[in-house]
Q: 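My questions all concern the structure below.
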Amino acid sequence: MSNVNSEILKRRTFGIISHPDAGKTTLTEKLLLMGGAIHVAGTVKSRKSGRFAASDFMEIEKQRGISVSSSVMGFVYNNFQVNLLDTPGHKDFSEDTYRTLTAVDSALMVIDCTKGVEMQTRKLMQVCRMRQTPILTFINKLDREGKHPIELLDEIEKELDIKVCPCSWPIGMGRSFKGVYDLLQSKVVFFKSHARSDSGDSFTFDSLDDPELQRYLGPLYATLREELELLSLYPAFDVEAYLAGSLTPVFFGSAVNNFGIQELLDCFVNIAPSPLPRQTLQREVCAQEPSFSGFIFKIHANIDPKHRDRIAFLRICSGVFERNKAYWHPRLKKKLRFANPTSFMARDKSIVDIAYPGDIVGLHDTGNFKIGDALTEGEGLKFTGIPHFSPEIFRVVVNKNPMKAKQLQKGLMQLCEEGLAQLFVRSLDQSKLLGTVGLLQFDVIQYRLAHEYGAECLFEPFDFYKACWVTANDAAILSQFWKSRQRQHATDIQDRPVYLAESQWGLDREMSENPDISFSFSSEI
């Protein structure tokens, strides 16, 4: 068991979060490069090079230049096993991000220095705060003219309600950006002017009093000394406060130029938490327990379009996962065996024989899994905290080719099981409704249905305000409620009753007139 505990302590499982265009995927590429997982960093839009970001493996991601699905990637750095989950930044795919955050032990928040704290950053911070997730911050794009670093720190404290502790400090900005001062190592790290390549060549000064440093920096030297004196106003570096989620260490740099990434990664592997306990309806599960357990937080159909495979992503919570060993599926009440479990580098997979708490394993799935399902060695666990949110945009699905009805049905079911959208069936006419939190999701669904399932469809607007789940302690009361509301009645993919509200006013009235019925705007999967 000592070997297992040693492996647990080596694990660092984290998600990268940001507002769109803050440089999250570019930073992911540079972290993979430093970890030796890739040899040449790709870009969000590859232009002439032909190499796209490893995390943006879907064709629509390459075309749009945005991440629309979370990617799982792993690499070894300084003897730590780093499991990195790159999440979509766009708000239309926030549910995928929220679910992915249930599978990580910490988060890396990326902020654009030219824009500061943005809307999606605030929302993602709220999700992290709900779980007291430790957050490390990287302020990106210092190679551009942006807000003053002090202003950015104050904005993070005010807007995100978290204490900040600068751990590196930028020297200059925009055209005058020279590098960073590493406050943890008390040294200046400069980057050569050609560091836009993947090499990240640098040189250092170990003392601020080095006359050569003063000569090299010129007027920036006095500015640097003045700014470093101001940093005494901020809290000292406190690992316990970081682990409690009340303080965020802050690093500055430029991902596209490899500025400041080394300092960020070195600090991260040393202070980030090893696998944390997970809550179930029955009890808390600790990583050090000898008995295996894990949960499915993501499903992706056709991750390799050539093989039409469906992969369930398993976060290991305790014990050891072994290839070809039978494990208990509590919801289905049966044992399953996995001959080809895989570890990931986005779409690329490799067979894994053994995995430990904190690791993410891909399981080939023939329809046995739903998001939120558990796997154990026999215990009937149900992991909690994996969210579904009430959709606010609805479309009726219209099949363009009746000969492809089966393909359309299969595609809709699988994409909704992934969590890309929520599928509702109206009781009145059995029409299929898709509900999402953003319009862009419909474009992705339409694209994937056509390219992965050979099914074409149209979406017609459906004028409802919100869908919410309804429950009551008395079944008779709920039955009576639905009798006069067939137009508003639907069921979700799990056959749970859903109320389709036509307006906020109508929903408020229903809630006030029916105190014995509970209207919920989120549900656990």
Q: Determine the minimum heavy-atom distance between Leu434 and Phe459, stating which atoms define it.
A: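 Heavy atoms of Leu434 and Phe459 come nearest at CD1-CE2, 3.6 Å.
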Q: Should we count NZ of Lys10 as having more than 12 external heavy atoms under 6.0 Å?
A: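 Counting neighbours around NZ of Lys10, more than 12 heavy atoms of other residues, nucleotides or ligands fall under 6.0 Å, so yes.
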Q: Compute both the distance and the angle, then confirm whether Arg11 meets the cation-pi test with Tyr356: under 6.0 Å from the six-membered ring centre, within 45 degrees of the axis.
A: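 Pair Arg11/Tyr356 does not count as cation-pi.
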Q: Contact between Tyr499 and Leu507 at the side-chain level, heavy atoms closer than 4.5 Å - yes or no?
A: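 Touching, per the 4.5 Å side-chain cut-off.
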Q: Report the distance from atom OG1 of Thr248 to atom CD of Glu157, rounding to the nearest 0.5 Å.
A: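 These two atoms lie 10.5 Å from each other.
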Q: Just so I know, are the side chains of Val250 and Tyr234 near enough to count as touching, which here means a heavy-atom distance under 4.5 Å?
A: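 SC-SC contact between Val250 and Tyr234 ruled out.
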Q: Within the structure provided, determine whether Gln414 and Glu452 are in side-chain contact (heavy-atom separation under 4.5 Å).
A: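 A side-chain contact under 4.5 Å is absent here.
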Q: Any donor and acceptor pair, going by atom type alone, linking the side chain of Arg395 with main-chain N or O of Thr436 inside 3.5 Å?
A: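 A pair under 3.5 Å: no.
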Q: Counting N and O atoms only, with roles assigned by atom type, does the side chain of Gln282 sit under 3.5 Å from a partner on the main chain of Lys382, one being a donor and the other an acceptor?
A: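 Such a contact is found between Gln282 side chain and Lys382 backbone.
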Q: Decide side chain to side chain contact (heavy atoms under 4.5 Å, CB included) for Arg426 and Phe462; before the verdict, give the C-alpha distance in whole Å, the side-chain angles of both, and the deciding distance to 0.1 Å.
A: CA-CA 12 Å; Arg426 291 187 72 202; Phe462 198 70; 3.3 Å; yes
Q: For Ala467 and Phe424, work out which heavy atoms get closest and say how close.
A: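 For Ala467 versus Phe424, the nearest heavy atoms are CB-CZ, 4.1 Å.
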Q: Within this structure, what is the CG-OG distance for the pair Leu381 and Ser293, rounded to the nearest 0.5 Å?
A: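 Output value for this atom pair is 6.0 Å.
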Q: Please check if the side chain of Lys432 supplies one atom and the backbone of Val397 the other of a donor-acceptor pair under 3.5 Å.
A: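 Checking the backbone N and O of Val397 against the side chain of Lys432, no donor-acceptor pair under 3.5 Å is found.
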Q: Kindly give the heavy-atom pair with the smallest separation between Val352 and Ile354, and that separation in Å.
A: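 Closest pair (atom of Val352, atom of Ile354, distance): CG2-O, 3.1 Å.
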Q: Does any N or O in the side chain of Arg496 come within less than 3.5 Å of the main-chain N or O of Ile493, such that one atom is a donor and the other an acceptor?
A: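 Not confirmed, Arg496 side chain does not pair with Ile493 backbone.
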Q: So, does Arg323 use its side chain to make a donor-acceptor pair with the main chain of Ala339 at under 3.5 Å?
A: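 Side chain of Arg323 to backbone of Ala339: a pair is present.
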Q: Would you call Val4 and Ile8 a side-chain contact if the rule is heavy atoms closer than 4.5 Å?
A: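 With C-beta onward as the side chain, the pair touches.
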Q: Crowded around Gln132 CD? As in, over 12 foreign heavy atoms under 6.0 Å?
A: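 Counting other residues, nucleotides and ligands, CD of Gln132 stays at 12 neighbours or fewer.
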Q: If we ignore hydrogens and angles and just use 3.5 Å, is the side chain of Asn140 paired with the main-chain N or O of Ala22 as donor and acceptor?
A: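 Present.
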Q: Is there a donor-acceptor pair closer than 3.5 Å between any side-chain N or O of His451 and the backbone N or O of Tyr447?
A: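 A pair under 3.5 Å: yes.
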Q: Between the side chain of Thr26 and the main-chain N/O of Ala255, is any donor-acceptor distance below 3.5 Å?
A: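 No; judged by distance alone, with no hydrogens or angles, the pair does not exist.
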Q: Between Leu408 and Leu449, does the side chain to side chain contact (heavy atoms under 4.5 Å, CB included) criterion hold? Intermediate values first, please.
A: CA-CA 7 Å; Leu408 178 63; Leu449 283 172; 3.9 Å; yes
Q: Measuring from atom CD of Gln480 to atom CZ of Arg485, what distance do you get when rounded to the nearest 0.5 angstrom?
A: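 Atom-to-atom, Gln480:CD and Arg485:CZ are 9.0 Å apart.
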Q: Starting at SG of Cys167, measure out to CG of Leu264 and round the result to the nearest 0.5 Å.
A: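 CG of Leu264 is found 9.5 Å from SG of Cys167.
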Q: How close do Arg278 and Thr102 get, heavy atom to heavy atom, and via which atoms?
A: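 Looking at all heavy atoms of both residues, the shortest contact is NE-O, 3.2 Å.
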Q: OG1 of Thr13 to CZ of Arg315: how many Å apart, nearest 0.5 Å?
A: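 Going from OG1 on Thr13 over to CZ on Arg315, the span is 5.0 Å.
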Q: With heavy-atom distances below 4.5 Å as the criterion, would you say the side chains of Glu377 and Tyr327 are in contact?
A: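 Touching, per the 4.5 Å side-chain cut-off.
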Q: Can a salt bridge be assigned to the pair Arg131 and Asp105 using a cut-off of 4.0 Å between side-chain N and carboxylate O?
A: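 No.
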Q: Is Asp373 salt-bridged to Lys370, cutoff N-O under 4.0 Å?
A: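 Salt bridge absent between Asp373 and Lys370.
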Q: For a 4.5 angstrom cut-off between non-hydrogen side-chain atoms, does Ile261 reach Phe138?
A: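 With C-beta onward as the side chain, the pair touches.
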Q: Tell me whether Asp474 at atom CG has more than 12 heavy atoms from other residues, nucleotides or ligands lying less than 6.0 Å away.
A: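 Yes, CG of Asp474 has more than 12 neighbouring heavy atoms, counting only those of other groups under 6.0 Å.
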Q: Just verifying a value: how many Å separate Ile296 CD1 and Phe369 CZ, rounded to the nearest 0.5 Å?
A: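 Reported value, rounded in 0.5 Å steps: 4.5 Å.
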Q: Would you check if the side chain of Ser479 reaches a backbone N or O of Ala475 as a donor-acceptor pair within less than 3.5 Å?
A: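 Absent.
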Q: Looking at side-chain heavy atoms only, is the closest gap between Tyr465 and Gln504 below 4.5 Å?
A: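 The answer is yes, as the side chains (C-beta and beyond) meet within the 4.5 Å cut-off.
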Q: Are Val76 and Gln81 side-chain neighbours, meaning at least one heavy-atom pair lies under 4.5 Å?
A: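 Result yes, sub-4.5 Å side-chain heavy-atom pair found.
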Q: What is the minimum heavy-atom distance between His489 and Pro497, and which atoms define it?
A: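 It is NE2-CB, 4.2 Å.
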Q: Hey, which of His19, Met109, Arg122 is the one that makes side-chain contact (heavy atoms from CB on, under 4.5 Å) with Val117?
A: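 So the option named by the test is Arg122.
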Q: Which heavy-atom pair separates Ile371 from Ile299 by the least distance, and what is that distance?
A: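 For Ile371 and Ile299, the tightest heavy-atom pair comes out as N-CD1, 3.8 Å.
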Q: Given 3.5 Å as the limit, does a donor-acceptor pair link the side chain of Ser318 with the main chain of Val285, or not?
A: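 Between the backbone of Val285 and the side chain of Ser318 there is no qualifying donor-acceptor contact (under 3.5 Å).
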Q: Would you check if there is a donor-acceptor pair between the side chains of Asp359 and Asn83 at a distance under 3.5 Å?
A: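 Result is yes, a qualifying pair exists.
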